[in-house]
Amino acid sequence: MKMIKNSDLEFYQNLHQNKINLVIHVIGSSTFISGNIGFFYCLIIQNYTAALSCVFLIVLSVIIQGIGHRFEPVPFKGFKGPVDFVKIIYLELFFIFPVFLFSPYFKENWKK
C-alpha cells in the first residue's frame with residue numbers, strides 16, 4: 001500500500017494556502033465523503049430518490065471546491081482527462097485531504 005509522503009503533503013499545501021479555500025475544502029470534502037457513503041447505502045436499501053440526492057451532494061461538493069481554488073495564489077494545473085479527474089478527486093478527497101487536515105501543513109497554512 002502506498003503511503004502519503006511529506007512531499008505529497010507539501011505539494012498539496014502549496015495548492016491550498018487560502019483560508020477561504022481551506023474552509024471550503026473542509027466542508028466540501030466532508031460532503032463528498034458523506035455523499036458517497038450515502039449513495040451506496042441508498043443503493044443497498046433501494047432508495048433511488050435519496051441516492052440521486054447524494055449524487056447531487058457529490059457534484060455540488062466538487063463544484064464548490066473548484067470555486068475555492070480560484071482564491072489560491074498557485075493555480076491547479078487541471079486534469080488530463082475524465083479518468084484522471086475521477087482518480088484525483090477520489091484519491092484527494094478520501095485520503096490526501098483528511099491526512100492534510102490533521103497535519104502540521106494545514107495548521108501552517110491556517111496561521112498565515
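One is the number of the first residue; the rest follow in order along the sequence. Treat the numbers as computed from the prediction; the structure is a model and nothing was measured.
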* For Tyr48, enumerate each residue passing the side-chain contact (heavy atoms from CB on, under 4.5 Å) test, keeping only those at least two apart in sequence or located in another chain. => Leu43, Gln46
* Asked: Measuring from Leu22:CG to Trp110:CH2, what's the distance to the nearest 0.5 Å?
  -> 6.5 Å
* Asked: Is it true that a side-chain atom of Ser29 and a backbone atom of Leu93 form a donor plus acceptor pair closer than 3.5 Å?
  -> yes
* Taking only residues two or more places apart in sequence, or in another chain, which ones meet Ile45 in a side-chain contact (heavy atoms from CB on, under 4.5 Å)? -> Tyr41, Asn47
* Asked: Atom OG of Ser61 and atom NE2 of His25: how far apart are they, to the nearest 0.5 Å?
  -> 9.5 Å
* Using the test side-chain contact (heavy atoms from CB on, under 4.5 Å), find all partners of Glu108 that sit at least two apart in sequence or belong to another chain. => Gln13
* Residue list, ring-ring contact (aromatic ring centres under 6.0 Å, His included) with Tyr90, at least two apart or on another chain -> Phe32, Phe94
* Are Phe102 and Phe97 linked, directly or through other ILVMFWY residues, by side chains that come within less than 4.5 angstrom of each other? -> yes
* Nonpolar side-chain network containing Leu60, other nodes, edges under 4.5 Å -> Ile20, Ile24, Phe56, Ile64, Phe71
* Straight-line distance of Leu57 CG to Leu52 CG, nearest 0.5 Å -> 10.5 Å
* To do: Check whether any side-chain heavy atom of Tyr105 sits under 4.5 Å from a side-chain heavy atom of Asn6, and report yes or no.
  => yes
* Asked: Is it true that atom NZ of Lys19 has more than 12 heavy atoms of other residues, nucleotides or ligands lying nearer than 6.0 Å?
  -> yes
* Structure fact -> The ring-ring contact (aromatic ring centres under 6.0 Å, His included) partners of Tyr12 (sequence neighbours excluded) come to His16, Phe100
* **Which residues share a side chain to side chain donor-acceptor pair (under 3.5 Å) with Asp84, sequence neighbours left out** => none
* Asked: Minimum heavy-atom separation for Asn21 to Leu15, with atom names?
  -> ND2-O, 4.0 Å
* Distance, nearest 0.5 Å, that separates NZ of Lys107 from NZ of Lys112 -> 15.0 Å
* To do: List in chain and number order the residues that pass ring-ring contact (aromatic ring centres under 6.0 Å, His included) with Phe40, two or more places apart in sequence or in another chain; answer none if no residue qualifies.
  => none
* Within 6.0 angstrom of Phe11 CZ, more than 12 heavy atoms from elsewhere -> no
* Looking at Cys42 and Cys54, what are the two nearest heavy atoms and their distance? -> SG-SG, 4.3 Å
* Asked: Can you tell me if Glu72 uses its side chain to pair, donor with acceptor, with the backbone of Gln17 under 3.5 Å?
  -> yes
* Partners meeting side-chain contact (heavy atoms from CB on, under 4.5 Å) with Leu91 (sequence neighbours left out) -> Phe95, Ile96
